[in-house]
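For reference, the structure discussed in these notes is given below.
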Amino acid sequence: MSDDIAFDRTQTTPAGEVAELSPLVRRIIAGNSGPMTFTGTCSYIIGRGTVAIIDPGPDDAGHVARLLAAVDGETVSHIVVTHTHRDHSPAVPALQAATGARVVGCGPHRPSRALGPGEERVLDAAADSAFAPDWQMRDADAVSGPGWSLRAVETPGHTANHLAYTLAEEETLFSGDHVMAWSTSIVAPPDGSMAAYMASIEKLRGMAHRLYRPGHGGPVTEPQRFLRGLVQHRRQREAAVLNRIGAGDETIAAMVPAIYQGLAPALHGAAALSVLAQIEDLVARGLVAASDAVPGLSSRYRLA
């Protein structure tokens, strides 16, 4: 892990409570804590009086009820979605039915590349395939209300359809699962693409934000320093993969225990997908050769 990354795994607001984060931002954390979601999905309420809700979260009637109670007496004009993993968007239909709000943001779920054998099942397990926005936003598209505006920033990588949103009034980026303070983002094919993820990191390095508010955990308070740390971390992971292949490890199953020493066995599956994402990029760049036309978890690898 890079010394430049100082992860923050503190979380002072319990799930279900309304946290007043700033004059324009409130947050309610869904009760779906876990190894991949930390303390739960962060749903953000933007504005006062007429508001937008970013990422309503999982299909959880209790969480939807708490969101509705938090905006009682206000108008929800927009439901804004960063991406279509099952912990972020499935609550959209219930929230839209209760509020009549317009659903905007990322497009329908799609893979980052052509699917290999058996990957359709993997994609379906992670994706909210039913999501269809009223308006699919593109880079720099914006929605607004009294005193607030949200401008889309295309940040593919964690998923192909991932969007972040700039709240210019507070110099804040709602970074979804692309950049989080508590952990690195998982990039898991066929949902994710390492090449796209790194390009999106570089894109954010060219933008000025005072603060990031992620889809899980607390804020990223020094975004540019944190992004530098993420780049260094991924370079270290890339070097580790190349070293393992050079040492004779031909399979991802052989690489994972050596690269992720001390990792709980229950997380080896996620780690294997992260290694696959790194290898896909290395194959595309001509540094690694694969035994299959579409690199996969069961493929064999060698240095090119």
Side-chain angles (χ1 to χ4, degrees), residues 1-2 4-5 35-36 83 85 109-127 155-162 177-180 183-205 227-304:
M1 190 64 64
S2 169
D4 288 335
I5 303 181
M36 300 298 174
H83 66 293
H85 277 157
H109 201 86
R110 65 184 189 274
S112 288
R113 52 147 173 82
L115 296 177
E119 286 190 328
E120 186 70 49
R121 177 177 52 82
V122 174
L123 189 71
D124 286 346
T155 48
H158 176 68
T159 59
N161 65 348
H162 196 285
D177 283 8
H178 184 60
V179 179
M180 299 178 289
S183 175
T184 56
S185 175
I186 185 169
V187 181
D191 273 2
S193 162
M194 186 59 68
Y197 173 83
M198 294 303 292
S200 294
I201 291 291
E202 290 302 322
K203 180 178 183 176
L204 292 186
R205 292 181 75 181
L227 292 173
R228 289 195 300 271
L230 289 179
V231 171
Q232 181 64 18
H233 168 73
R234 294 297 179 179
R235 287 174 178 162
Q236 291 172 351
R237 281 282 184 256
E238 177 181 287
V241 170
L242 287 171
N243 287 339
R244 292 317 310 166
I245 296 174
D249 289 351
E250 296 185 337
T251 66
I252 290 174
M255 298 176 210
V256 166
I259 295 173
Y260 293 87
Q261 295 182 20
L263 184 69
L267 297 177
H268 277 201
L273 288 170
S274 292
V275 172
L276 175 58
Q278 206 82 60
I279 288 177
E280 282 186 347
D281 185 41
L282 291 168
V283 170
R285 289 157 53 196
L287 298 175
V288 169
S291 61
D292 301 304
V294 178
L297 292 173
S298 59
S299 300
R300 307 189 80 82
Y301 299 98
R302 60 176 176 82
L303 296 180

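Counting from 1, the numbers follow the sequence of the chain as shown. Being a predicted model, the structure only gives us computed values, none of them experimental.
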Rounded at 0.5 Å granularity, tell me how far OH in Y301 sits from CG in L276. 5.5 Å

Side chains of V231 and R205, heavy atoms from C-beta outward: is any pair under 4.5 Å? yes

Please examine the side chains of R113 and P189, heavy atoms only from C-beta on, and report whether any two atoms are closer than 4.5 Å. yes

Least distance between heavy atoms, S193 atom then A196 atom: OG-N, 3.2 Å

Give the minimum heavy-atom separation between A290 and P295, together with the two atoms involved. CB-CG, 4.3 Å

How about H178 and T155: does a side-chain donor come under 3.5 Å of a side-chain acceptor? no

Pairing residues for S298 by the side chain to side chain contact (heavy atoms under 4.5 Å, CB included) criterion, not counting sequence neighbours: none

Can you name the nearest heavy-atom pair linking M180 to T184, along with the distance? CE-O, 4.2 Å

For S112 and G192, the nearest pair of non-hydrogen atoms, with its separation, is OG-C, 3.5 Å

Taking the side chain from S185 and the backbone from D177, do they hold a donor-acceptor pair closer than 3.5 Å? yes

Going by distance alone, is a donor N or O of one side chain under 3.5 Å from an acceptor N or O of the other, for H85 and D191? yes

Residues V187 and G157: closest non-hydrogen pair is CG1-O, 3.6 Å

L297 side chain near L273 side chain, heavy-atom distance below 4.5 Å: yes

Could you report the tightest heavy-atom contact between L267 and L263, atom names first, then the distance? O-CD2, 3.7 Å

When rounded to the nearest 0.5 Å, the distance separating CG of L204 from CG of L227 is 6.0 Å

Table please: side-chain donor-acceptor pairs of residues 238-248 below 3.5 Å, with sequence neighbours left out.
from, atom 1, to, atom 2, distance (Å)
E238, OE1, R285, NH1, 2.6
E238, OE2, R285, NH2, 3.4
N243, ND2, A239, O, 3.2
R244, NE, D249, OD2, 2.8
R244, NH2, D249, OD2, 3.1

Start with the C-alpha gap between V179 and I201, add the side-chain angles, then the distance that decides, and say whether side chain to side chain contact (heavy atoms under 4.5 Å, CB included) holds. CA-CA 8 Å; V179 179; I201 291 291; 4.0 Å; yes

Qualifying residues under salt bridge (charged side-chain N to carboxylate O under 4.0 Å, His left out), relative to R302, sequence neighbours excluded: none

Is it true that a side-chain atom of H158 and a backbone atom of I186 form a donor plus acceptor pair closer than 3.5 Å? yes

